[in-house]
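Here's the structure we're looking at; comments come further down.
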Number of protein chains: 2
Amino acid sequence: MTHYSGYDRFNIAVDCIIFGFDNEGLKLLLLKRSFEPAKGKWSLMGGFLKEEESLDDAAARVLENLTGLQNVYMEQLAAFGDVGRDPGDRVISAAYFALINIDDSDRALVEKHNAHWVLFKEVPDLIFDHNAMVIRALKRLRRKAATEPIGFNLLPEKFTLTQLQRMYEAVFQHELDKRNFRKKILQMNVLEKLEEKDKESSKRGAYLYCFNEQKYHDLISEGSTFGI
Amino acid sequence: MTHYSGYDRFNIAVDCIIFGFDNEGLKLLLLKRSFEPAKGKWSLMGGFLKEEESLDDAAARVLENLTGLQNVYMEQLAAFGDVGRDPGDRVISAAYFALINIDDSDRALVEKHNAHWVLFKEVPDLIFDHNAMVIRALKRLRRKAATEPIGFNLLPEKFTLTQLQRMYEAVFQHELDKRNFRKKILQMNVLEKLEEKDKESSKRGAYLYCFNEQKYHDLISEGSTFGI
DNA sequence: AAATAGAGTGTAAACATAACACTTAAATTC
DNA sequence: GAATTTAAGTGTTATGTTTACACTCTATTT
C-alpha cells in the first residue's frame, strides 16, 4: 500500500562513465549495444534500477557486471530526464562516473560484453545523451581531481611520481612542470615513499610511492587542503 | 509499446532547495507538509514527475507553484535514491536548488502553501533526507558562487556594492575585506555602474550597480574567469 | 668505456592575496 | 546652522603562491 497512488511511474536506469588510465592516456570503457533500440551503436554501460536497491547500489552492480570490480570509486554525476532522451521508452537515467585501474578489470568479462577501452580524445558518437554525460563527467573529474585525492584510483597501488604526473596531465589535458609538480605533491605529505623502485620505465629506476589515507586525514585536520 | 518491459517502475519526485537573501542573511523557503506521511513536519517543496515533462520542467513547475516565479536560476543537485528514504513509498527524488530574490516571490502564494523563509543557520529538522539535500546544496552554492556569477540571482536587479558583499558573506559565512572585495569585483568589469543612488541604507547614499551579461561574456572570451 | 634514458633536484622573478585606516557626503539632531 | 551620525568610498605594503627554468645522477645497454 502506497501513500502516493495515482502518480506516473517510470523506468529508471543507471549509466556508468568508467574512466581508466594507462601509458596511452585517459580512457573510457565503452560497449557496443547488444539489444534494441540502437543495437550495435556505441554506448555507456547501463542497467535498470531494481525495486530493492538504491541508485548507488545499482550503479555498483552495473559496474561490477562489466568489470568484475567491487569497492570502486564512484560518484553520481546527475540524473538525466529529458522526455525524448531514450527513443525506446521514457527512461530517467542516473549517470555515475567511476575511476578504475585498467589492469584491475576482468578482461574476459569486458570482452564478453563487447566492451572496449577507448582513448578519451577518440570517443565516438554514443547513443542518446551519452556524449553529454561523458562531457559533464570529464568536467567533474577535472574539478574534483584538482582538489581531492581521487586521481589515485586511476593508478595501481604503487606508482612513481612520473606516472602520477602523467595521470594528472591526461586528466587535465595539459602538461605540468616536473619540479613544481613534485614540490607540490611532496609538500602536502600525503604520499608514502617506498623502498622499492620501479625498473620498467627507466634504467636508473624510480622510487615507488603510495597514497596514504591517514596522512591525507592529518592534512585535512590541520586545516590544509589537497590541491594539484 | 515499450522496448523495456519487465523492469520495475518508480515514482519520481523533484524537491527544491530554494535560496533567498535579505538583510538578515541567507534563507531557505521551507514548508509545513500538508499531507501524510509526515504531515505537519518541515519539508522542502516537492512534487511528482509527470509523464510529459522533463526533470528540469518538473522542478520549474514545482518552484512556480510555490513562488509564482518563472525563469529562475535552477540547477540539479543530484538524484537521491536510497531504498527507505521516503517511508510513504519507494520514491527517487531529483533535488534542485534555486536562487531567487525574496521580494520577487508571490507572498500570498507562499502563505497559501504554509511556507516560510527560514534563516539558513536556523533550518529545523526536515523530513526524510531533506537536511542532507540542503547541506549538499549549500556546498554546491558556495563552490559555484565563488567561480560563476550566479550570486546576482539572490539580489534585486540593482544593488549596491555593500549589498553584494553582504550577499557573498552570507553565502560563504565569513566576512570579506571591503577594499579587497571592491577591487576584485570592479576589476573583473562585469558590473555596470548606474547614475542612481540607493538612499535607504545610508545618509550619503551608495551608487547602484547591475550585473552585465555582455561584459561577463567579454571577460570569459578574453580567457579570464569570474571569481570572488 | 661510452652512450643512453629517465630520475631527481633549487632558485629567482612574477603575480596574487591579505592586511590595514582615514576621508567624504548627506541626512539628522541640537 | 553647527555638530553629529552613518555608511560610502578609496591605495599601499607585506606576504605568500605560482611559474619558469637546466643540469646532475644512476643504472643499463652497447
Checklist outcome for this item: Hits for side chain to side chain contact (heavy atoms under 4.5 Å, CB included) against A:Glu200, two or more places apart or cross-chain, chain-then-number order -> A:Asp198
Checklist outcome for this item: Quick note, ring-ring contact (aromatic ring centres under 6.0 Å, His included) partners involving residues 54-77 of chain A, not counting sequence neighbours, are none
Next on the checklist: Would you say that B:Leu99 contacts B:Leu141 through its side chain, given a criterion of any heavy-atom pair below 4.5 Å between the two side chains?
Outcome noted: yes
Checklist entry - For DNA chain D, what is the dot-bracket line, given that a base pair needs Watson-Crick (N1 to N3, plus N6-O4 or O6-N4) or G-U wobble (N1-O2 and O6-N3) geometry with both distances under 3.5 Å, and | means paired with another strand? => result ||||||||||||||||||||||||||||||
Checklist entry - Under 6.0 Å from the six-membered ring centre of A:Tyr207 and within 45° of its axis: does the NZ or CZ of A:Lys197 meet both? => result yes
Next on the checklist: Please check if the number of heavy atoms outside B:Lys158 that lie under 6.0 Å from its NZ is greater than 12.
Outcome noted: no
Checklist entry - Heavy atom of residues 175-190 of chain A under 4.0 Å from DNA chain D: which residues? => result A:Asp177, A:Arg179, A:Asn180, A:Lys183
Next on the checklist: Taking side chain to side chain contact (heavy atoms under 4.5 Å, CB included) as the definition, give me every residue that meets it alongside A:Val62, ordered by chain and number, with sequence neighbours left out.
Outcome noted: A:Val14, A:Cys16, A:Met45
Checklist outcome for this item: By side chain to side chain contact (heavy atoms under 4.5 Å, CB included), A:Ala95 pairs with (sequence neighbours left out) A:Ile17, A:Leu77, A:Phe80, A:Met133
Checklist entry - Given that B:Lys203 and A:Arg204 both sit by DNA chain C, which one's nearest nucleotide is further toward the 5' end? => result A:Arg204
Checklist entry - Any chance the side chains of B:Ser54 and B:Asp57 put a donor and an acceptor closer than 3.5 Å? => result yes
Item to check | Outermost DNA chain D nucleotides near chain A [under 4.0 Å, heavy atoms] | outcome: D:dT19 to D:dT28
Next on the checklist: Holding to side chain to side chain contact (heavy atoms under 4.5 Å, CB included), I want the full list of residues that pass it with B:Lys178, two or more places apart in sequence or in another chain.
Outcome noted: B:Gln165, B:Arg182
Item to check | Partners meeting salt bridge (Lys or Arg N to Asp or Glu O under 4.0 Å) with B:Asp82 (sequence neighbours left out) | outcome: none
Next on the checklist: Taking the ring of B:Phe159 and the ring of B:Phe211, is the distance between their centroids below 6.0 Å?
Outcome noted: no
Checklist outcome for this item: So the contacted stretch of DNA chain C, first to last nucleotide with an atom under 4.0 Å from a non-hydrogen atom of chain B, runs from C:dA18 to C:dA27
Item to check | Selection residues 117-129 of chain A - residue pairs positive for side-chain hydrogen bond (donor to acceptor under 3.5 Å, both in side chains), sequence neighbours left out | outcome: A:Arg85-A:Asp129
Checklist entry - Between B:His116 and B:Trp42, does the ring centroid distance fall short of 6.0 Å? => result yes
Checklist entry - Is there a residue in residues 218-228 of chain A whose heavy atoms reach under 4.0 Å of DNA chain C, and which residues are they? => result none
Next on the checklist: Can you confirm whether more than 12 heavy atoms, excluding those of B:Glu148, are under 6.0 Å from its CD atom?
Outcome noted: yes
Checklist entry - How is A:Thr160 classified with respect to the nucleic acid when contacts are heavy atoms under 4.0 Å: base, sugar-phosphate, or nothing? => result nothing
Checklist entry - Below 4.5 Å, heavy atoms only, C-beta onward: do A:Asn189 and A:Leu219 meet side chain to side chain? => result no
